[in-house]
**Q** 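I have a structure I would like to understand better, so I am pasting it below and will then ask my questions one at a time.
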Amino acid sequence: MRTKLFLATILLLAPLPALADVTARYAVGGKELVVEVDDGGNSRIGVDGKFAIIRRDGTDYIAISDKEGPKVFELQAMIDLFKGILPKSKEEEADAFEFALAPGAAVAIAGQQGNAWNLVMVKGDDESKKKHIEMVMSADPALEPVGTVFRRSVASLIGLAGAMFPEKSGFTARLTELFDKGALLRVRPVDQGAEKPEPALIEFKSFDTAEIDAKHFELPAPVTSADEIFGAMGALMNPGGEGGEGSAIKNLP
């Protein structure tokens with residue numbers, strides 16, 4: 001008995017292994033989306049030169065870049081603003097469609113094992129019901145920090161989907177359920193009437209546990225306050241005045 005207590009004490013006193021930094025890379029429309037997580041819980045997900053959602057000290061920020069440089073906002077402040085101005089779905093449309101999850105096959109992507117799930121429309125017009133979204137999720141513990149970043153980002157942004165998909169449709173609930181299954185490996189639209197498969201919208205490429213430079217989690221500009229978001233977003237949507245090119249919003253992948 002004393003031997004067991006002694007061993008248990010040694011295990012409790014022994015230093016725990018440090019959590020590793022994790023970097024995952026994805027192909028997105030010809031660009032690369034990078035997810036970085038450090039061992040302290042800071043994270044960054046984004047496309048270089050386009051946008052990034054950065055988590056520092058428990059707060060999420062979004063940085064959006066255009067030719068004049070990056071603009072940084074508190075993510076929740078931006079979401080609250082857009083939730084207030086987006087049109088809401090009409091009540092009579094709430095019962096028009098409904099979504100469900102259907103399990104698919106096991107899939108290996110870039111050497112990473114996952115399981116496919118289909119987000120299908122089970123109630124709606126016949127044409128829409130022929131189309132669904134396939135998502136491949138991995139339950140590999142090594143990718144769990146990446147899964148956490150995706151879940152947190154989706155949880156923050158999913159309220160905006162309510163403008164198009166009423167709560168009664170089950171869309172946001174099923175999407176949340178999907179991201180609870182692990183780390184994302186692929187998202188691909190599926191059209192049952194198409195002659196060949198649709199290309200993936202996002203697909204896992206690689207991950208590693210090399211140490212990440214702390215500078216990656218620094219904000220690239222001062223935070224723009226909530227009451228300045230409209231003006232800043234107007235500049236981002238149309239930099240340089242009417243007819244301007246290079247809008248960060250228009251060119252997001």
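For reference, positions follow the sequence shown, starting with 1.
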**Q** What about V28 and V187, same hydrophobic cluster or not, with Ile/Leu/Val/Met/Phe/Trp/Tyr joined at side-chain heavy-atom distances under 4.5 Å?
**A** yes
**Q** Nearest 0.5 Å please: distance from the CG atom of D38 over to the CG atom of D21.
**A** 5.5 Å
**Q** Could you tell me whether the side chain of F204 reaches within less than 4.5 Å of the side chain of V146, counting heavy atoms only?
**A** no
**Q** Quick check: do I202 and L184 have side-chain heavy atoms less than 4.5 Å from each other?
**A** yes
**Q** Which residue, E36, E203, E32, forms the salt bridge (charged side-chain N to carboxylate O under 4.0 Å, His left out) with R25?
**A** E32
**Q** To check you understand the geometry: which heavy-atom pair defines the closest contact between A116 and V107, and what is its length?
**A** CB-CG2, 4.0 Å
**Q** Could you give the distance from OH (Y61) to OG1 (T224), rounded to the nearest 0.5 Å?
**A** 12.0 Å
**Q** Salt bridge or not for R188 and E198, using N-O below 4.0 Å?
**A** no
**Q** Identify whether I53 and L201 are in the same connected component of the hydrophobic contact network (ILVMFWY, side-chain heavy atoms under 4.5 Å).
**A** yes
**Q** When you group the ILVMFWY residues by side-chain heavy-atom contacts below 4.5 Å and let the links chain together, are F171 and V190 in the same group?
**A** no
**Q** Of all the heavy-atom pairs spanning S156 and L75, show the shortest one and how long it is.
**A** CB-CD2, 4.0 Å
**Q** Verify side chain to side chain contact (heavy atoms under 4.5 Å, CB included) between I64 and M78, making sure each step is shown before the conclusion.
**A** CA-CA 12 Å; I64 304 174; M78 177 177 282; 4.3 Å; yes
**Q** Of all the heavy-atom pairs spanning P220 and I54, show the shortest one and how long it is.
**A** CD-CD1, 4.0 Å
**Q** State, yes or no, whether a side-chain contact exists between F51 and S65 at a heavy-atom distance under 4.5 Å.
**A** no
**Q** Going through the distances and angles, do E98 and R174 end up as a salt bridge (Lys or Arg N to Asp or Glu O under 4.0 Å)?
**A** CA-CA 10 Å; E98 182 180 347; R174 300 292 81 75; over 6 Å; no
**Q** To the nearest 0.5 angstrom, please state how far the CG atom of L33 sits from the NZ atom of K205.
**A** 10.0 Å
**Q** Does any N or O in the side chain of R186 come within less than 3.5 Å of the main-chain N or O of I109, such that one atom is a donor and the other an acceptor?
**A** no
**Q** With a 4.5 Å cut-off on side-chain heavy atoms, are L101 and L119 touching?
**A** yes
**Q** For the CG atom of D191 and the NE2 atom of H132, what is their distance to the nearest 0.5 Å?
**A** 9.5 Å
**Q** What distance separates E74 CD from I79 CD1, expressed to the nearest 0.5 Å?
**A** 11.0 Å
**Q** Can N42 and R55 be said to form a side chain to side chain contact (heavy atoms under 4.5 Å, CB included), step by step?
**A** CA-CA 5 Å; N42 292 326; R55 185 174 182 84; 5.5 Å; no
**Q** Do I212 and F217 have side-chain heavy atoms sitting under 4.5 Å apart?
**A** yes
**Q** From I45 CD1 over to F150 CZ, what is the distance, rounded to the nearest 0.5 angstrom?
**A** 4.0 Å
**Q** What's the shortest heavy-atom distance between L143 and S138, and which atoms?
**A** CD1-OG, 4.0 Å
**Q** Taking it one step at a time, do D140 and Q113 satisfy side chain to side chain contact (heavy atoms under 4.5 Å, CB included)?
**A** CA-CA 8 Å; D140 186 342; Q113 294 295 320; over 6 Å; no
**Q** Are R151 and D180 close enough that some pair of their side-chain heavy atoms sits under 4.5 Å apart?
**A** yes
**Q** Looking at V72 and A221, what are the two nearest heavy atoms and their distance?
**A** CG2-O, 3.6 Å
**Q** Do L178 and L157 belong to the same hydrophobic cluster, where Ile, Leu, Val, Met, Phe, Trp and Tyr are linked whenever their side-chain heavy atoms lie under 4.5 Å apart, directly or via other members?
**A** yes
**Q** According to a 4.5 Å side-chain heavy-atom criterion applied to Ile, Leu, Val, Met, Phe, Trp and Tyr, with indirect links allowed, do V149 and F207 form part of one hydrophobic cluster?
**A** yes
**Q** Just wondering, more than 12 heavy atoms not from D80 lying within 6.0 Å of its CG?
**A** yes
